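Because the structure is a prediction, the values reported are computed rather than measured. All heavy atoms count here, side chains included; hydrogens, waters and symmetry mates do not.
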Amino acid sequence: MEEKKEKLSFNEYQKHAYNLISEDGKKDMITNGVLGLAGESGECCDIVKKYKYQGHELDKEHLKDELGDVLWYVAETASGLGITLEEVAQYNLDKLHKRYHGETFHKEDSINRKK
């Protein structure tokens, strides 16, 4: 039976991820982070492309693996900016709640939203 692990906060994850950044990567975490993010996001897209258009089964484990890499590079970029992942997450939710006028997405709010 798999051992049950305690939940990991975004900020705890970010601290662990920081320790895994190479010394060269730490010299410019923003650039390394966003370039890594682009590459790993592309790998996620490739998995879904193969599923949608090339007859492959959706490889959920592979996609989960690549999403983890995306998260790692988001954490690195946030560290380079001197902000926490929890700040990024809260900022994003606040922005979306304001944009969509509450807790639920409505098509009308999306169609008529101000840029």
Side-chain angles (χ1 to χ4, degrees):
M1 183 162 43
E2 189 175 310
E3 183 181 324
K4 193 168 189 173
K5 296 180 182 179
E6 288 187 39
K7 290 185 179 180
L8 183 67
S9 75
F10 276 137
N11 290 349
E12 291 172 307
Y13 174 86
Q14 187 175 3
K15 288 176 189 174
H16 288 289
Y18 179 83
N19 292 329
L20 297 170
I21 300 170
S22 70
E23 289 306 311
D24 285 338
K26 285 180 181 171
K27 292 175 185 172
D28 187 359
M29 289 188 291
I30 294 170
T31 302
N32 192 59
V34 297
L35 292 175
L37 182 58
E40 297 300 338
S41 296
E43 290 190 44
C44 291
C45 292
D46 197 50
I47 293 166
V48 173
K49 176 198 70 177
K50 287 177 180 179
Y51 166 67
K52 292 291 287 182
Y53 304 110
Q54 297 177 1
H56 293 239
E57 292 293 319
L58 180 60
D59 189 341
K60 292 180 181 181
E61 284 301 310
H62 190 190
L63 187 54
K64 178 181 172 181
D65 181 56
E66 298 304 337
L67 284 174
D69 293 342
V70 166
L71 181 60
W72 190 86
Y73 280 111
V74 169
E76 180 177 358
T77 305
S79 292
L81 291 170
I83 58 177
T84 66
L85 284 177
E86 288 178 3
E87 287 176 83
V88 172
Q90 188 63 60
Y91 179 87
N92 184 252
L93 284 176
D94 292 346
K95 175 186 76 174
L96 293 173
H97 286 156
K98 182 178 177 186
R99 179 180 295 164
Y100 298 115
H101 305 33
E103 297 291 321
T104 307
F105 174 83
H106 300 282
K107 284 185 200 177
E108 297 78 24
D109 291 335
S110 179
I111 292 167
N112 298 312
R113 81 180 180 101
K114 296 177 183 174
K115 303 281 180 192

Notebook entry, point to check: Is the Lys NZ or Arg CZ of K60 less than 6.0 Å from the centre of Y51's six-membered ring, within 45° of the axis?
Noted result: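 No, K60 does not sit over the ring of Y51.
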Margin query: Would you say NZ of K49 has more than 12 non-hydrogen atoms from neighbouring residues, nucleotides or ligands within 6.0 angstrom?
Written below: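 Check passes, neighbour count above 12.
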Return the [atom1] to [atom2] distance between [X] and [Y], rounded to the nearest 0.5 Å.
X   : Y   : atom1 : atom2 : result
L58 : H56 : CG    : NE2   : 11.5 Å
N92 : H97 : CG    : NE2   : 9.5 Å
L35 : T77 : CG    : OG1   : 9.0 Å
Q54 : D46 : CD    : CG    : 7.0 Å

Under 4.5 Å between side-chain heavy atoms, hopping through other hydrophobics if needed: is there a path connecting [X] to [Y]?
X   : Y   : result
V74 : Y91 : no
Y53 : V48 : no
F10 : M29 : yes
I21 : L8  : yes
L20 : L81 : no

Under the side-chain contact (heavy atoms from CB on, under 4.5 Å) test, residues paired with [X] that sit two or more places apart:
X    : answer
K15  : none
E108 : H106, N112
D24  : S22, K27

Notebook entry, point to check: Are K98 and D94 ion-paired here, with the side-chain N under 4.0 Å from a carboxylate O?
Noted result: no
Margin query: Holding to side chain to side chain donor-acceptor pair (under 3.5 Å), I want the full list of residues that pass it with S79, two or more places apart in sequence or in another chain.
Written below: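 Residues passing side chain to side chain donor-acceptor pair (under 3.5 Å) with S79: Q14.
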Checklist line | Non-hydrogen side-chain atoms of K50 and D59 separated by less than 4.5 Å | finding: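 No, side chains not in contact.
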Notebook entry, point to check: What heavy-atom pair brings G25 and N32 nearest, and what distance separates the two atoms?
Noted result: CA-ND2, 4.0 Å
Show the atom names and distances, to 0.1 Å, of all donor-acceptor pairs under 3.5 Å that link a side chain in residues 65-73 to residues at least two apart or in another chain.
residue : atom : partner : partner atom : Å
E66     : OE2  : H62     : NE2          : 3.1
W72     : NE1  : A17     : O            : 3.4

Notebook entry, point to check: Taking ILVMFWY side chains as joined if any heavy atoms are under 4.5 angstrom apart, and letting links pass through other members, which residues group with L93?
Noted result: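 None; L93 is a cluster of one.
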Check: With no hydrogens and no angle check, is any side-chain donor or acceptor of N11 less than 3.5 Å from a backbone partner on E86?
Finding: yes
